Structure formats: structure tokens, C-alpha cells
Engineer: 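Handing you a structure now.
All of these numbers come straight from a predicted model, not from anything done at the bench. Just so it is clear: chains get the letters A, B, ... in the order the sequence lines come, proteins before strands, and each one is counted from 1.
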2 protein chains.
Amino acid sequence: MAKDNKIYFTPGPSELYPTVATYMAEALDRKILTISHRSKAFQEIYAHATQGLKQLLNLPDNYQILFLSSATETWERILQNCVTSTSFHAVNGSFSKRFYEFSGELGLTGIKAEVPFGESFTANSLTIPAEVEAICLTHNETSSGASMPVSEINKVRAKHKDALIFVDAVSSLPFPEFDYSKIDSVFFSVQKCFGLPAGLGVWILNERCIEKAKAKAAKHSTGTYHTVDSMLSKAIVNQTPETPNVLNIFLLSKVVEDMNKIGAKVLRESTERKAKLIYDYLETSSNFEIFVQDETQRSKTTIVANTKLSPSEVNKTLAPFDMAVGSGYGNYKEKQIRIANFPAHSEVHVEKLVSTLKTQIG
Amino acid sequence: MAKDNKIYFTPGPSELYPTVATYMAEALDRKILTISHRSKAFQEIYAHATQGLKQLLNLPDNYQILFLSSATETWERILQNCVTSTSFHAVNGSFSKRFYEFSGELGLTGIKAEVPFGESFTANSLTIPAEVEAICLTHNETSSGASMPVSEINKVRAKHKDALIFVDAVSSLPFPEFDYSKIDSVFFSVQKCFGLPAGLGVWILNERCIEKAKAKAAKHSTGTYHTVDSMLSKAIVNQTPETPNVLNIFLLSKVVEDMNKIGAKVLRESTERKAKLIYDYLETSSNFEIFVQDETQRSKTTIVANTKLSPSEVNKTLAPFDMAVGSGYGNYKEKQIRIANFPAHSEVHVEKLVSTLKTQIG
């Protein structure tokens with residue numbers, strides 16, 4: 001068994017938040033993985049997780065938090081529960097495209113607007129048919145590193161008052177400061193910015209989504225244990241319909257507690273500073289080139305660059321320094337690197353990465 | 001943070017398999033929770049888990065193994081993928097009933113045979129309409145402790161050659177020695193007999209299920225990322241469609257390796273011996289009474305007894321000895337106890353439980 005001392009700047013699963021190992025030991029000591037998911041002890045863990053998230057994300061009272069098994073499942077449950085006929089998807093990469101495809105696979109009509117890989121959207125650039133019930137936006141496309149600015153997301157509502165607005169923030173929350181009065185739902189995976197093991201998706205939704213789900217369920221099958229109604233009926237008593245990933249809910253409750261001690265504002269400022277370090281370096285590099293052209297659309301959390309050296313050559317160079325970056329996604333696997341800039345990546349880590357790349361690759 | 005030294009005989013989540021803590025530390029050391037779920041390292045872990053399971057369960061080559069997030073999800077995916085119109089359910093407790101209800105919730109026709117809580121079925125006692133596409137049996141009803149003997153499950157096929165036979169073995173595998181030529185699918189949760197943290201369901205299915213899923217998918221929507229086809233297309237390269245619960249797949253691979261070293265036969269014999277110790281005690285107890293009347297239907301893995309003392313009184317008595325049992329399920333919460341007899345519960349643990357109950361409660 002070889003101990004791995006590398007710091008992984010991969011875009012998820014990624015580096016664990018530094019306190020996770022301690023909390024895993026605590027979970028074992030307190031036998032949290034053995035207790036019943038119907039026990040008071042579990043309910044307290046669940047409540048601690050959701051209350052902590054409400055504080056960290058500054059969620060208004062009309063929002064509820066549901067635990068699913070992945071963001072991929074959340075795509076399915078959103079469409080299955082909250083769309084009867086037509087969903088609209090702003091597609092700019094592999095993940096937003098997959099969400100769009102789910103609509104058709106569920107027998108719904110998915111309508112898409114598409115821009116080239118590496119670009120994102122402004123509110124004005126989106127032509128959204130009036131009849132769509134759901135507008136699905138991706139805040140941060142993990143595959144390309146293109147981000148739709150929150151200021152642009154906030155403008156969509158003005159022209160589309162009836163449609164529900166769902167925002168995929170899988171690889172960016174808790175960084176973006178959403179205006180929750182301008183959207184209806186956000187969701188994320190814990191293995192990105194929260195620095196946890198994979199296996200938990202978090203779906204946050206307001207009363208408009210819940211009403212829509214009720215209306216659909218009155219006329220159509222919307223699933224079984226993970227209908228919005230089934231999940232809410234358990235969420236209200238701090239439980240889930242099924243036996244959930246108890247470990248991850250516990251770890252989330254603890255890491256969010258840590259993040260709240262630091263504060264969302266400080267976390268955001270640190271993310272901005274680290275992103276600037278990385279982009280400033282990439283701009284002057286002779287090997288790398290920032291992929292996203294529009295500066296306002298450059299992701300702060302998953303940074304993508306074209307590379308002359310192959311990603312495996314880059315990682316071979318970084319290996320003696322105990323660091324690794326992610327390769328490009330899909331067709332870009334050999335042509336791009338992706339650098340995750342999550343709260344688990346400290347400023348010291350990022351400084352070391354940038355200085356090593358600078359001296360070793362240029 | 002209070003360290004909990006109790007041994008939990010609760011029916012799941014339950015006691016962790018004794019090596020789990022070591023493997024969790026190994027996962028952290030090797031950074032298994034950080035590596036990509038598309039990496040070779042992950043594929044090797046996945047392959048080790050499925051190969052180990054094939055050996056432990058003695059699975060024929062025509063069976064495939066799929067990883068889902070829970071057994072509850074597996075109920076949904078079975079019906080969604082493999083049933084077009086009608087499913088049959090042998091209902092004898094809360095979990096088999098919930099599986100039956102899922103059929104209607106998905107817009108299918110669920111037909112049930114029902115016996116009182118605490119009883120199970122023989123093949124002859126089941127009147128199954130000829131038109132059903134799926135026969136859903138529960139090997140071990142976790143809520144009541146009633147078990148359908150494998151010899152009876154094996155007789156169902158003779159009269160129903162076309163229907164697919166699904167066996168819920170959530171809280172019994174790897175104990176039952178199934179004849180895989182007489183059934184088409186089994187499934188389980190890892191937080192029961194495998195002694196792992198909750199958050200992973202394992203669905204094992206043969207080529208007949210896969211053909212049926214293909215036929216249904218050609219005409220109907222059968223979901224998105226967790227259609228049989230989508231899961232198989234990734235399983236073939238030792239991956240999952242979504243980012244999975246990597247920790248649990250790793251822990252499963254290691255615990256199954258441990259179990260294979262002991263051997264399924266030895267594990268079964270130990271389970272039988274421990275069950276006999278518990279039932280022999282319950283039979284002579286002045287406080288407890290074995291709930292399942294038919295001796296052939298008594299579960300070997302989740303043992304249920306009526307109790308004069310409330311379960312909380314029983315646990316108050318056991319607490320100074322660092323042990324706890326489960327309370328009854330649902331309406332039986334205050335009237336019954338449930339004792340899990342899983343591989344994580346050693347013979348020494350069970351002897352201590354029985355002798356403590358004997359001297360302290362009688």
C-alpha cells in the first residue's frame with residue numbers, strides 16, 4: 001500500500017477538505033455509521049447539515065434542501081418532478097448537454113441553445129421560447145471552465161416570470177453569491193468545492209418548484225421514493241426516504257460548520273485571489289493558454305487551459321513536487337489541462353503549483 | 001465527542017465489519033477518495049469488487065453486477081427497466097409492501113399476495129397470475145424476521161417460466177445459497193450483512209433481465225443515467241455513469257476479499273451457529289418470545305422476538321455491557337426487538353449478548 005502525498009488539483013473528485021480525515025475518525029469513534037437513519041442522533045446530524053448550508057449559502061426561508069445520491073440523479077429528478085412537457089437548456093459543454101439529453105430520454109421535449117465549447121451565455125444571448133416550464137442554466141461548466149456570470153443569471157427572470165429557473169452549480173457552490181429571488185433552484189455535488197468523498201448530491205429548491213411538482217404528481221407518475229413529495233415528507237423530520245449516505249451527510253455538516261467559521265465572504269475572496277494567481281500565470285506561460293476567451297466568463301473554480309505539452313507530461317513534471325492537475329475533458333483530454341481551485345486548495349498550495357509550473361515548464 | 005464502545009445488533013445500518021476502519025484509513029492514505037472515477041486506479045477497484053462478489057456469491061457468468069445508491073433505488077430501477085405492465089409481489093412486511101407500492105407509483109399494475117406480518121411464503125401458497133412479467137420475492141423481510149426458504153424460491157420457476165424472478169436479499173446476502181438458474185436477479189444493501197457504511201445498493205441480474213430492459217427501452221422511456229443499458233455500458237469498462245460512492249465500492253472490494261479468505265461456507269456455518277444460540281435462548285426466555293412461528297421461515301440474519309419489557313428497557317439493561325439491539329419495526333416498535341446476526345457480529349459477541357440477556361433479563 002503506497003501512501004500518496006500528492007495534492008490533486010483535479011476538478012472532482014478532488015482534494016479532500018483538510019479536516020475530512022479527522023471527521024471520518026470521529027464518525028467511527030461515535031459509531032455514526034452504525035446508528036439508525038431513523039434515530040434522533042441521525043436527525044440531529046441532518047439538521048446540523050441543512051442549517052449550516054442555509055447559513056453558508058444565505059438561503060431564504062422559502063428554500064428547502066434535499067439530499068440525493070449525485071448531481072446526475074438531481075438532473076433526472078428535476079425533470080421528472082418539475083417538468084410536464086418542455087424544458088430549456090443552455091448548453092455549452094458535456095455536462096449541460098447531458099442534462100439536456102435527459103429531457104428527451106424522459107419523454108419530454110428538451111429545447112437547447114448552444115454555444116461553442118469554452119463559451120457561456122449572457123441573458124440577452126438566450127432566446128427562450130415562452131412555453132418552456134423550466135430554464136436550465138449551468139453556472140460553471142466543469143468540462144470547459146466557462147461560467148455564466150451570476151449577474152447574467154439574475155437577468156433571465158425578468159423576461160420569463162413563469163418558468164422555473166434551475167441552476168447547476170455542481171462545481172462552483174459555495175463560491176457564487178446567487179440572488180435566490182431571481183432563481184428557483186440550485187444544486188451541487190459534494191466532491192467538488194465541498195471537498196468530500198463522492199456519493200451525495202444536494203438539491204435546493206423553492207416553493208414554486210414544490211408547487212409544480214405537486215401539480216405534476218397529481219396527474220402523472222413522477223417516480224417513487226425520490227418524488228419531491230416523498231423527499232419533503234421525510235426532510236421535514238430531518239430524514240430521507242431511503243437509508244442515505246450517512247457518512248457524507250455527517251461530513252458535510254462538519255465541513256460546512258468549518259466553512260461557516262471562516263465565513264462565505266472570506267472563502268470567496270480567497271477563491272478570487274487564488275484564481276487570479278493561476279490566470280495571471282497562464283497568461284504569461286509559453287506552454288499554456290487560457291481557454292475561455294471572454295474574461296467575464298472565466299470560471300473561478302475550474303480553470304481550463306490549452307497546453308502544448310500533453311497533460312500526462314505536465315503531471316510527470318509535477319509528480320516530483322507531489323502535485324497533479326486534471327486533464328482536459330472528452331475530446332480535449334490530450335489538449336487541455338483543468339485546474340481545480342476549491343476551498344480545499346489552500347493559497348499556499350496554489351502558490352506552490354504556480355511557481356513550480358513557472359520554473360519547470362515556463 | 002463521546003466515544004461509543006457499544007456493539008450494535010441493530011438490523012442495519014449495523015455494526016461495521018471489523019476491518020472497515022483500517023480500510024477507511026487506507027483509502028485516505030492512498031487518496032482513493034480524490035482520484036477520478038474515470039481513472040485506471042478506480043477501474044481496478046471496481047473490478048476487484050465485482051470479481052470478489054462473483055466468487056463469494058458463486059455467480060454464474062450470465063450474471064452482471066451493477067452499483068446503485070440503495071436497495072430502495074434498485075426497487076425503482078427494476079420496475080422502471082424490466083416491467084412494462086404487471087409485476088407480482090409476495091408481501092409480508094413493510095419492505096416487500098413498499099416494493100409492491102412502487103409498481104403503482106410508476107404507473108404499472110402491481111399484484112400482491114399477502115400473508116400476515118411474521119409469516120412468509122411457500123411456492124405452493126403463491127397464486128401468481130400467468131400474465132405477470134416479474135415475480136418479486138423477498139428472501140428476508142427485515143421488518144418481521146420472516147424468511148422465504150431458498151428451497152421454496154427454487155420451486156417458483158417451474159410454474160412460471162417466462163416471468164423474471166427478482167429476489168430481495170437486502171438483509172441476508174451473502175448468507176443464502178441461491179440457485180441462480182432458478183431466479184433472474186438478486187439485490188442487496190451494503191449496510192446489512194456486508195458491514196459497510198450505508199449508501200450503496202448492489203443489483204445482480206442475468207441476461208434475461210437485460211433483454212427485457214432492452215425490449216422495454218425500445219418502446220418506452222426507462223429513465224436516464226440508470227437505465228440498464230446506461231449502467232451496463234459503463235460496467236463493461238468497470239465504471240458507473242455518474243460519479244459513484246467510490247469509498248463504498250472500495251470498502252466493498254476489501255471486505256469481500258476478507259470474506260473470500262474465510263469462505264462463504266464457513267461464513268454460512270458461523271451464521272447458523274450464532275442464529276441457533278439466539279433462538280435457543282429466546283425459546284427459553286421468560287421475557288422474549290420468538291415472533292416467527294414457522295420454524296422453516298425464521299430468518300438467520302434478522303431475528304425478531306416479542307418482548308414484555310419495552311425495547312428501550314432492554315437496551316437500558318444492555319447499555320452497561322456495551323451492547324444494543326434493534327427495536328421492532330413500525331407498529332411493532334415498542335413490542336418487539338430485532339437482533340441482527342451479520343458477519344460483523346462475531347460468535348463471541350453473540351455469546352456475550354445471549355449470556356447477558358439470560359442473566360439480566362431472563
Side-chain angles (χ1 to χ4, degrees), chain A residues 1-6 8 10 12-16 20-21 24-37 68-73 75-76 79-80 98 101-102 105-107 189 191 196-201 220-227 241-248 326, chain B residues 1-6 8 10 12-16 20-21 24-37 68-73 75-76 79-80 98 101-102 105-107 189 191 196-201 220-227 241-248 326:
Chain A
M1 185 187 88
K3 192 169 157 83
D4 185 347
N5 291 312
K6 278 203 188 81
Y8 285 83
T10 48
S14 189
E15 204 56 35
L16 293 181
V20 164
M24 281 175 77
E26 180 179 337
L28 289 170
D29 271 357
R30 288 173 55 192
K31 292 217 153 184
I32 283 166
L33 311 180
T34 293
I35 57 167
S36 168
H37 56 295
L68 290 83
S69 58
S70 63
T72 306
E73 187 194 353
W75 291 338
E76 181 179 272
L79 295 166
Q80 192 177 30
R98 197 73 195 95
E101 289 168 349
F102 274 26
E105 290 175 20
L106 289 171
S189 292
Q191 76 273 15
L196 298 185
L200 190 71
H220 304 270
S221 164
T222 58
T224 60
Y225 71 115
H226 271 187
T227 60
E242 79 286 17
T243 314
N245 186 334
V246 176
L247 174 62
N248 264 13
Chain B
M1 185 187 87
K3 191 169 157 82
D4 184 347
N5 291 313
K6 278 204 189 80
Y8 284 83
T10 48
S14 190
E15 205 53 35
L16 293 181
V20 164
M24 280 175 77
E26 180 179 337
L28 288 170
D29 270 357
R30 289 172 55 192
K31 291 217 155 186
I32 283 167
L33 312 180
T34 294
I35 57 167
S36 168
H37 55 294
L68 289 84
S69 59
S70 62
T72 306
E73 187 194 355
W75 291 338
E76 180 179 275
L79 295 166
Q80 191 177 31
R98 196 74 195 96
E101 290 168 348
F102 274 25
E105 290 174 20
L106 289 170
S189 292
Q191 76 273 16
L196 297 184
L200 191 70
H220 304 270
S221 164
T222 58
T224 61
Y225 72 114
H226 271 186
T227 61
E242 79 287 19
T243 314
N245 186 334
V246 175
L247 174 62
N248 264 13

Engineer: With sequence neighbours excluded, tell me which residues meet side chain to side chain contact (heavy atoms under 4.5 Å, CB included) with Ser69(A).
Structural biologist: Glu73(A), Ser69(B), Tyr225(B)
Engineer: Measure the spacing between CD of Glu76(A) and CD of Glu242(B) and express it to the nearest 0.5 Å.
Structural biologist: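 Taking CD in Glu76(A) and CD in Glu242(B), the distance rounds to 10.5 Å.
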Engineer: If you measure from CG on Leu196(A) to CG on Leu247(B), what distance do you get to the nearest 0.5 Å?
Structural biologist: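 Rounded to the nearest 0.5 Å, the CG-CG separation comes out at 11.5 Å.
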Engineer: In terms of heavy-atom pairs under 4.5 Å with chain B, which of Gly12(A), Ser14(A), Pro241(A) leads?
Structural biologist: Ser14(A)
Engineer: Less than 4.5 Å to any heavy atom of chain B: does that hold for the side chain of Leu28(A), its backbone, both, or neither?
Structural biologist: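 Leu28(A) touches chain B through side-chain heavy atoms alone.
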Engineer: State, to 0.1 Å, how close Pro244(A) and Ala198(B) come at their nearest heavy-atom pair, and which atoms those are.
Structural biologist: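 For Pro244(A) versus Ala198(B), the nearest heavy atoms are O-CB, 3.2 Å.
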Engineer: Does any backbone or side-chain atom of Leu106(A) lie under 4.5 Å from a heavy atom of chain B? Answer side chain, backbone, both or neither.
Structural biologist: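 Both the backbone and the side chain of Leu106(A) come within 4.5 Å of chain B.
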Engineer: Looking at Asp29(B) and Lys3(A), is there a salt bridge between them, counting it only when a charged N and a carboxylate O are closer than 4.0 Å?
Structural biologist: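 Yes, Lys3(A) and Asp29(B) are salt-bridged.
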Engineer: Please say which of Leu33(B), Ile32(B), Thr243(B) ends up in a side-chain contact (heavy atoms from CB on, under 4.5 Å) with Pro13(A).
Structural biologist: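 Answer after filtering Leu33(B), Ile32(B), Thr243(B): Thr243(B).
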Engineer: Check whether the side chains of Thr224(A) and Glu105(B) place a donor and an acceptor atom closer than 3.5 Å, and report yes or no.
Structural biologist: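 Checked: Thr224(A)/Glu105(B) side chains show no N/O donor-acceptor pair below 3.5 Å.
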Engineer: Can you tell me how far apart CG (Asn245(B)) and CG (Leu200(A)) are? Round to the nearest 0.5 Å.
Structural biologist: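 It is 9.5 Å, given to the nearest 0.5 Å.
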Engineer: I need the residue from Gly199(B), Ser221(B), Gly223(B) with the largest number of non-hydrogen atom pairs under 4.5 Å to chain A.
Structural biologist: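 Counting heavy-atom pairs under 4.5 Å, the top option is Ser221(B).
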Engineer: Give the minimum heavy-atom separation between Thr10(A) and Thr34(B), together with the two atoms involved.
Structural biologist: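 Between these two residues, the closest heavy atoms are OG1-O, 4.0 Å.
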Engineer: Taking only residues two or more places apart in sequence or in another chain, which ones pass side chain to side chain contact (heavy atoms under 4.5 Å, CB included) with Thr227(A)?
Structural biologist: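 If we apply the side chain to side chain contact (heavy atoms under 4.5 Å, CB included) test to Thr227(A), skipping adjacent residues, the hits are Asn81(A), Thr222(A), Asp229(A), Ser230(A).
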Engineer: So, for Lys31(B) and Asp4(A), which heavy atoms are closest and what is the spacing to 0.1 Å?
Structural biologist: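 Heavy atoms of Lys31(B) and Asp4(A) come nearest at CG-O, 3.7 Å.
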Engineer: Under a 4.5 Å heavy-atom cut-off, does chain B meet the side chain of Ser70(A), its backbone, both or neither?
Structural biologist: side chain
